[in-house]
Novice: 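Quick one: the structure is below, and I'll ask about it shortly.
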Amino acid sequence: EMSYVKQGEEALQKSLGILGDQEGWKTETVVDNGDKVLSKVLPDVGKVFRLEVVVDQPLDAVYSELVDNMEQMGDWNPNVKEIKILQKIGKDTVITHEKAAATPGNIVGPRDFVSVRCSKRRGSTCVLAGMSTKYGAMPEQEGFIRAENGPTCMVLRPLPGCPSQTKLTWLLSIDLKGWLPKTIINQVLAQTQVDFANHLRGRLAQTA
């Protein structure tokens with residue numbers, strides 16, 4: 001169990017390190033509402049994507065949706081078929097199995113992920129980090145390609161001067177495996193991030 005906790009910590013430190021380095025980010029997409037996706041290529045990780053959005057809900061509501069209600073994500077995010085918590089370790093580390101929903105036109109076939117995730121609150125900042133891991137009780141599933149992610153994280157902070165809004169930054173680093181052209185993957189991932197922000201807003205508006 002300690003090794004999973006350590007992996008979660010490592011994902012956290014590594015992804016915060018990537019986000020902390022402001023150099024070399026290129027803009028992929030900017031939406032009319034100000035949402036934007038940036039990207040960068042890292043020598044040891046490959047291409048990573050960074051979503052930056054502001055959500056009209058206080059931090060606790062966003063945190064609760066993404067952490068406490070994690071297993072319900074498939075209800076509101078069409079890109080996720082289901083998320084199951086396989087094991088809880090201590091108060092802030094979980095092992096999850098996530099099935100991605102087949103994309104329209106099915107360019108990317110069925111993928112699944114086994115990840116270790118940890119959530120930390122430091123003052124008014126929350127960090128949810130994760131990376132792929134091996135978990136004996138969840139071997140590769142028939143009909144799914146086991147993809148890998150990480151280090152990845154979401155950072156939540158109250159918007160300065162406006163505590164009823166939350167700034168969300170999502171670092172996405174993913175290897176979908178299988179034979180897929182890079183250009184298609186890059187388009188799919190950037191779009192997935194933009195879609196996520198919209199689905200999250202819809203969900204929070206419903207539950208507020």
Novice: Just by modelled atom types, is the Gly150 backbone N or O under 3.5 Å from a matching donor or acceptor in the Ser173 side chain?
Specialist: yes

Novice: How about Tyr135 and Tyr4: do any of their side-chain heavy atoms sit closer than 4.5 Å?
Specialist: yes

Novice: Can you check whether Pro151 reaches Ile18 side chain to side chain, under 4.5 Å on heavy atoms?
Specialist: yes

Novice: Does Lys177 offer a backbone N or O that forms a donor-acceptor pair with the side chain of Arg111 under 3.5 Å?
Specialist: yes

Novice: Is any side-chain heavy atom of Leu168 closer than 4.5 Å to one of Leu66?
Specialist: yes

Novice: Do Val48 and Leu16 land in one hydrophobic cluster if side-chain heavy atoms of ILVMFWY residues count as linked below 4.5 Å?
Specialist: yes

Novice: Are Met154 and Ile85 connected in the hydrophobic side-chain network, where two residues link if heavy atoms are under 4.5 Å apart?
Specialist: yes

Novice: Assess whether a salt bridge exists between Lys26 and Glu28, defined as any Lys/Arg side-chain N lying under 4.0 Å from an Asp/Glu carboxylate O.
Specialist: no

Novice: Should Val67 and Val94 be counted in the same cluster of Ile, Leu, Val, Met, Phe, Trp and Tyr side chains packed under 4.5 Å apart?
Specialist: yes

Novice: Determine the minimum heavy-atom distance between Leu12 and Val127, stating which atoms define it.
Specialist: CD1-CG1, 3.4 Å

Novice: Got a second to check how far Met70's CE is from Leu128's CG, nearest 0.5 Å?
Specialist: 7.5 Å

Novice: If you define the side chain from C-beta out and look only at heavy atoms, does anything of Gln191 sit under 4.5 Å from Thr29?
Specialist: no

Novice: Which residue, Arg201, Lys167, Arg50, forms the salt bridge (charged side-chain N to carboxylate O under 4.0 Å, His left out) with Asp35?
Specialist: Arg201

Novice: Any heavy-atom pair between the side chains of Val80 and Glu98 that's under 4.5 Å?
Specialist: yes

Novice: Would you say Lys99's side chain and Phe144's backbone share a donor-acceptor pair under 3.5 angstrom?
Specialist: no

Novice: Measure the shortest side-chain to side-chain distance between Leu59 and Ser124 over non-hydrogen atoms and say whether it is less than 4.5 angstrom.
Specialist: no

Novice: About how many Å separate CG of Leu86 and NE2 of His97, when rounded to the nearest 0.5 Å?
Specialist: 7.5 Å

Novice: Could you see if Val31 belongs to whatever hydrophobic cluster contains Leu172? Use Ile, Leu, Val, Met, Phe, Trp, Tyr and a side-chain cutoff under 4.5 Å.
Specialist: yes

Novice: To the nearest 0.5 Å, what is the distance between NZ on Lys134 and OG on Ser3?
Specialist: 12.5 Å

Novice: Ignoring hydrogens and angles, tell me if any N or O in the side chain of Asn149 forms a donor-acceptor pair with the backbone of Ser132 under 3.5 Å.
Specialist: yes

Novice: I'd like to know if Ile174 and Val45 are part of one continuous hydrophobic network [Ile/Leu/Val/Met/Phe/Trp/Tyr, side-chain heavy atoms within less than 4.5 Å].
Specialist: no

Novice: Arg121 and Asp60: salt bridge (charged side-chain N to carboxylate O under 4.0 Å, His left out), yes or no, with the steps?
Specialist: CA-CA 11 Å; Arg121 292 191 80 147; Asp60 282 343; 2.8 Å; yes

Novice: Using modelled atom types only, decide if a donor and an acceptor are shared between the side chain of Thr166 and the backbone of Gln57 within a distance under 3.5 Å.
Specialist: yes

Novice: Is Lys84 salt-bridged to Glu71, going by a charged N under 4.0 Å from an acidic O?
Specialist: no

Novice: Give every residue pair that meets the salt bridge (charged side-chain N to carboxylate O under 4.0 Å, His left out) criterion with at least one member in residues 7-19, sequence neighbours excluded.
Specialist: Glu9-Lys120

Novice: When you check the gap from the basic side-chain N to the acidic O, do Asp112 and Arg146 get nearer than 4.0 Å?
Specialist: yes

Novice: Can you list, by chain and residue number, the hydrophobic cluster partners of Val41 when the side-chain cut-off is 4.5 Å?
Specialist: none

Novice: Regarding Lys88 and Glu1, does a basic nitrogen lie under 4.0 Å from an acidic carboxylate oxygen?
Specialist: no

Novice: Within this structure, what is the OG1-CD distance for the pair Thr96 and Glu82, rounded to the nearest 0.5 Å?
Specialist: 11.0 Å

Novice: Can you name the nearest heavy-atom pair linking Ser15 to Ala129, along with the distance?
Specialist: OG-CB, 4.2 Å

